[in-house]
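Structure, as C-alpha coordinates:
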Amino acid sequence: MNTYSPQGYLDLITTPPNYHRDIEVAPQYQPGDSIITHNLNPLSHTRLPRYARGKKGVIVANYGACVFPDALVAEQQEKPQYVYLVKFSAAELWGENSDNFSVHLSVWSDYIQGKSEDAAHG
(Lines give C-alpha, C1' and ligand atoms only; values in the text may rest on other atoms or scores of the structure.)
Protein backbone atom coordinates (compact mmCIF):
# COMPACT_ATOMS: atom_id res chain seq x y z
CA MET A 1 0.00 0.00 0.00
CA ASN A 2 1.25 3.48 -0.87
CA THR A 3 1.57 6.02 1.89
CA TYR A 4 1.43 9.68 1.02
CA SER A 5 1.99 12.85 2.97
CA PRO A 6 -0.90 15.35 2.91
CA GLN A 7 0.95 17.23 0.15
CA GLY A 8 1.46 13.94 -1.71
CA TYR A 9 -2.29 13.30 -1.67
CA LEU A 10 -2.98 16.83 -2.88
CA ASP A 11 -0.45 16.42 -5.71
CA LEU A 12 -1.96 13.06 -6.65
CA ILE A 13 -5.50 14.38 -7.03
CA THR A 14 -4.63 17.76 -8.59
CA THR A 15 -2.03 16.69 -11.15
CA PRO A 16 -3.69 15.44 -14.32
CA PRO A 17 -2.24 12.24 -15.79
CA ASN A 18 -0.10 12.53 -18.90
CA TYR A 19 -1.21 10.11 -21.62
CA HIS A 20 1.15 11.38 -24.33
CA ARG A 21 3.87 8.95 -25.36
CA ASP A 22 6.90 9.01 -27.65
CA ILE A 23 6.77 6.36 -30.37
CA GLU A 24 9.26 5.56 -33.12
CA VAL A 25 6.68 5.17 -35.90
CA ALA A 26 6.00 8.00 -38.33
CA PRO A 27 2.40 9.25 -38.57
CA GLN A 28 0.42 7.49 -41.28
CA TYR A 29 -1.74 10.52 -42.09
CA GLN A 30 -1.13 14.22 -42.65
CA PRO A 31 -3.41 17.26 -42.40
CA GLY A 32 -5.55 17.40 -45.53
CA ASP A 33 -5.67 13.61 -46.00
CA SER A 34 -9.14 12.22 -46.61
CA ILE A 35 -9.85 9.15 -44.49
CA ILE A 36 -12.61 6.69 -43.65
CA THR A 37 -13.18 5.30 -40.17
CA HIS A 38 -13.74 1.65 -39.33
CA ASN A 39 -17.30 0.50 -38.83
CA LEU A 40 -16.58 -1.35 -35.62
CA ASN A 41 -18.86 -2.74 -32.92
CA PRO A 42 -16.63 -3.74 -30.02
CA LEU A 43 -17.88 -5.60 -26.97
CA SER A 44 -15.98 -3.20 -24.73
CA HIS A 45 -15.06 0.47 -24.47
CA THR A 46 -14.41 2.65 -27.52
CA ARG A 47 -13.93 6.39 -27.99
CA LEU A 48 -15.23 6.36 -31.59
CA PRO A 49 -18.89 7.46 -31.49
CA ARG A 50 -21.34 5.20 -33.29
CA TYR A 51 -22.41 8.06 -35.58
CA ALA A 52 -18.81 8.42 -36.85
CA ARG A 53 -18.19 4.75 -37.67
CA GLY A 54 -17.67 3.92 -41.34
CA LYS A 55 -17.69 7.65 -42.19
CA LYS A 56 -15.44 9.81 -44.34
CA GLY A 57 -13.59 12.81 -42.96
CA VAL A 58 -10.49 14.96 -43.36
CA ILE A 59 -7.44 15.05 -41.08
CA VAL A 60 -7.09 18.55 -39.62
CA ALA A 61 -4.21 18.01 -37.16
CA ASN A 62 -2.03 15.39 -35.51
CA TYR A 63 -2.07 15.56 -31.69
CA GLY A 64 0.90 13.20 -31.38
CA ALA A 65 0.93 9.73 -29.86
CA CYS A 66 -1.22 8.91 -26.85
CA VAL A 67 -2.29 5.87 -24.88
CA PHE A 68 -5.09 4.00 -26.72
CA PRO A 69 -7.99 3.94 -24.23
CA ASP A 70 -9.64 0.84 -25.74
CA ALA A 71 -6.52 -1.26 -25.09
CA LEU A 72 -5.98 0.29 -21.66
CA VAL A 73 -9.49 -0.67 -20.54
CA ALA A 74 -9.74 -4.09 -22.23
CA GLU A 75 -6.17 -5.38 -21.99
CA GLN A 76 -4.45 -3.12 -19.43
CA GLN A 77 -1.92 -2.21 -22.13
CA GLU A 78 -1.10 1.30 -23.31
CA LYS A 79 -0.72 0.58 -27.07
CA PRO A 80 0.27 4.21 -27.82
CA GLN A 81 -0.64 5.54 -31.26
CA TYR A 82 -1.28 8.79 -33.07
CA VAL A 83 -4.44 10.74 -32.39
CA TYR A 84 -5.78 12.92 -35.19
CA LEU A 85 -8.28 15.74 -35.21
CA VAL A 86 -10.72 14.75 -37.97
CA LYS A 87 -13.38 16.98 -39.53
CA PHE A 88 -16.66 15.36 -40.62
CA SER A 89 -19.48 17.12 -42.43
CA ALA A 90 -22.93 16.88 -40.86
CA ALA A 91 -24.18 15.50 -44.19
CA GLU A 92 -21.65 12.66 -43.97
CA LEU A 93 -22.66 11.83 -40.42
CA TRP A 94 -26.44 12.32 -40.55
CA GLY A 95 -27.44 12.52 -44.21
CA GLU A 96 -27.88 15.09 -46.96
CA ASN A 97 -30.80 16.86 -45.24
CA SER A 98 -28.60 17.87 -42.28
CA ASP A 99 -27.75 21.48 -41.57
CA ASN A 100 -24.51 22.78 -43.08
CA PHE A 101 -21.95 22.39 -40.28
CA SER A 102 -18.96 20.24 -39.35
CA VAL A 103 -18.04 18.07 -36.39
CA HIS A 104 -14.43 17.64 -35.24
CA LEU A 105 -13.47 14.47 -33.37
CA SER A 106 -10.27 13.10 -31.87
CA VAL A 107 -9.66 9.83 -33.71
CA TRP A 108 -7.00 7.26 -32.74
CA SER A 109 -5.10 5.50 -35.56
CA ASP A 110 -6.81 2.17 -34.89
CA TYR A 111 -10.17 3.77 -35.71
CA ILE A 112 -9.03 4.75 -39.22
CA GLN A 113 -9.57 2.18 -41.96
CA GLY A 114 -7.45 4.06 -44.49
CA LYS A 115 -7.35 6.92 -46.91
CA SER A 116 -10.45 7.81 -48.90
CA GLU A 117 -10.27 9.64 -52.21
CA ASP A 118 -13.73 11.16 -51.88
CA ALA A 119 -14.11 12.05 -48.18
CA ALA A 120 -16.69 14.69 -47.39
CA HIS A 121 -14.83 17.89 -46.59
CA GLY A 122 -17.66 19.50 -44.61
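In what follows, residues are counted from 1 in the order of the sequence shown.
Shown here for Ser106 and Tyr63, the closest heavy-atom pair between the two residues is OG-CE1, 3.4 Å. The heavy-atom pair separating Pro49 from Arg47 by the smallest distance is CD-O, 3.3 Å. Residues Pro31 and Val60 share a closest heavy-atom pair of CB-O, 3.5 Å. Considering every non-hydrogen atom in both Gln81 and Ser109, the closest pair reads OE1-N, 3.1 Å. Contact between Thr14 and Pro16 at its shortest, heavy atoms only, is O-CD, 3.4 Å. Summarising the geometry of Ala90 relative to Ser98, their closest heavy-atom pair is O-OG, 3.5 Å, with the distance given to 0.1 Å.
Summarising the local packing, CD of Glu96 is surrounded by 12 or fewer heavy atoms from other residues, nucleotides or ligands at distances under 6.0 Å. By the neighbour-count criterion of 12 heavy atoms within 6.0 Å, atom CZ of Arg21 is densely surrounded, having more than that number from other residues, nucleotides or ligands.
Annotation: side chain of Ile35 is not in contact with side chain of Tyr111 (no heavy-atom distance under 4.5 Å). With a 4.5 Å cut-off on side-chain heavy atoms, Pro69 and Trp108 count as touching.
Interatomic distance, Thr37 OG1 to Glu92 CD, rounded to the nearest 0.5 Å: 8.0 Å. Annotation: the span from Lys55 atom NZ to Ser89 atom OG amounts to 9.5 Å, rounded to 0.5 Å. Taking CG from Leu85 and NE2 from His104, the interatomic distance works out to 5.5 Å, rounded to the nearest 0.5 Å. Atoms OG1 and CG, on Thr46 and Asn41 in that order, are 9.5 Å from each other to the nearest 0.5 Å. Taken to the nearest 0.5 Å, the SG atom of Cys66 stands 14.5 Å off from the NZ atom of Lys79. The CG atom of Asn39 lies 9.0 Å from the CZ atom of Arg50; values are rounded to the nearest 0.5 Å.
Val67 and Ile112 end up in different hydrophobic clusters when Ile, Leu, Val, Met, Phe, Trp and Tyr side chains are linked at under 4.5 Å. Note: the hydrophobic cluster containing Leu48 also contains Tyr51 (ILVMFWY, side chain heavy atoms under 4.5 Å, direct or indirect links).
A donor-acceptor pair is defined here as one N or O able to donate and one able to accept, closer than 3.5 Å; such a pair exists between the side chain of Arg53 and the backbone of Leu40.
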> For Trp94 and Phe88, what are the C-alpha separation, side-chain angles and deciding distance, and is it a side chain to side chain contact (heavy atoms under 4.5 Å, CB included)?
Replying inline: CA-CA 10 Å; Trp94 296 292; Phe88 299 90; over 6 Å; no
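Residues meeting the ring pair (Phe, Tyr, Trp, His ring centres under 6.0 Å) test with Tyr29, sequence neighbours left out: Tyr84.
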